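What follows is a short report on a single structure.
Heavy-atom basis, side chains included; hydrogens, waters and symmetry copies ignored. Keep in mind that this is a model prediction, so the values were computed, not measured.
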Amino acid sequence: LLLIQMISALVAATVMRFVIYPKGLLPKFKYDSGARVGLRESIADGAATMINICACAVFFIVIGGALSSLLPLDPIGDSVMRSLLEFSSGCAAASRLTSNAYAVTALAIGCGGLSVAMQVKRVVAGRLSIKPYLSGKLISCGVMMLLTILS
């Protein structure tokens, strides 16, 4: 799975660079060179970011658990739903499958889940667009699933 993930990331990066965002069309990073941040502010910002990231993961794990108890899904459907919401709970659910565990784990790794997308959006808010990230993730997930099926 590691090799498949590395290949899919390389394919996604190549497609993004030469097809979707050729020659200078990639959105630029907005950096305020005049802003000076001290150690205390950096530590506080880092702590707040960690809390937001953990809260986002826990939120989507809880949502996945709630949906799992409300929806009549088979074990594979439950694992896919959890994988699309949150990476680690998707992998944990896939590990309990008797069949297709490899493919569902590849899906969880490839897509990262809505939780990771929301975490990335929070971290890059105001400085970068999330659209290139989502495009790359979609390409990477598709390639990863294709390579998993072929392997």
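- Ile149 is linked by a side chain to side chain contact (heavy atoms under 4.5 Å, CB included) to nothing, counting only residues two or more places apart in sequence or in another chain.
- Residues Leu146 make up the rest of the hydrophobic cluster containing Leu150, defined by ILVMFWY side-chain heavy atoms closer than 4.5 Å, directly or through other members.
- Put simply, CG on Leu147 and CE on Met6 are 13.0 Å apart, with the number rounded to the nearest 0.5 Å.
- Minimum heavy-atom separation, Gly90 to Ala108: C-CB, 4.3 Å.
- With Ser140 contributing its side chain and Gly136 its backbone, the two residues share no donor-acceptor pair below 3.5 Å.
- Scored by the side chain to side chain contact (heavy atoms under 4.5 Å, CB included) test, Val15 finds Val11, Val19, Ile20, Ile139 as partners (sequence neighbours excluded).
- Nearest approach of Ser115 to Ala57, heavy atoms of both residues: OG-CA, 3.5 Å.
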Side-chain donor-acceptor pairs of residues 96-107 under 3.5 Å, sequence neighbours excluded:
from	atom 1	to	atom 2	distance (Å)
Arg96	NH1	Ala92	O	3.3
Thr105	OG1	Ala101	O	2.7

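- Rounding to the nearest 0.5 angstrom, the gap separating the NZ atom in Lys121 from the CG atom in Leu134 is 9.0 Å.
- A 4.5 Å side-chain heavy-atom check between Pro132 and Met16 finds at least one atom pair inside the cut-off.
- Under the 4.5 Å side-chain heavy-atom criterion for Ile, Leu, Val, Met, Phe, Trp and Tyr, Ile7 and Ile4 are members of the same hydrophobic cluster.
- Taking all atoms of both residues into account, the shortest heavy-atom contact from Cys111 to Ser83 is SG-O, 3.5 Å.
- With rounding to the nearest 0.5 angstrom, the CE atom of Met145 is 10.5 Å from the CD1 atom of Ile109.
- Between atom SG of residue Cys54 and atom CD of residue Gln119 there is a gap of 8.0 Å, rounded to the nearest 0.5 Å.
- Leu84 and Ile130 fall into different hydrophobic clusters, where Ile, Leu, Val, Met, Phe, Trp and Tyr are joined by side-chain heavy atoms under 4.5 Å apart, directly or via other members.
- Between Ser89 and Glu86, the side chains place a donor N or O and an acceptor N or O closer than 3.5 Å (distance only, hydrogens not considered).
- Counting Ile, Leu, Val, Met, Phe, Trp and Tyr side chains that sit under 4.5 Å apart, directly or through other members, Met118 shares a hydrophobic cluster with Phe59, Phe60, Ile63, Leu67, Leu71, Leu73, Met81, Leu85, Leu114.
- Cluster membership check: Ile43 does not share its hydrophobic cluster with Ile51, using side-chain heavy-atom separations under 4.5 Å among Ile, Leu, Val, Met, Phe, Trp and Tyr.
- In this structure, Val80 is not a member of the same hydrophobic cluster as Ile61, with clusters built from ILVMFWY side-chain heavy atoms closer than 4.5 Å.
- Every side chain to side chain donor-acceptor pair (under 3.5 Å) that Ser68 has, sequence neighbours left out, goes to Asp78, Arg82.
- Rounding to the nearest 0.5 Å gives a distance of 8.5 Å between SG of Cys91 and CG of Leu1.
- The distance from atom CE of Met144 to atom OG of Ser151, rounded to the nearest 0.5 Å, is 9.5 Å.
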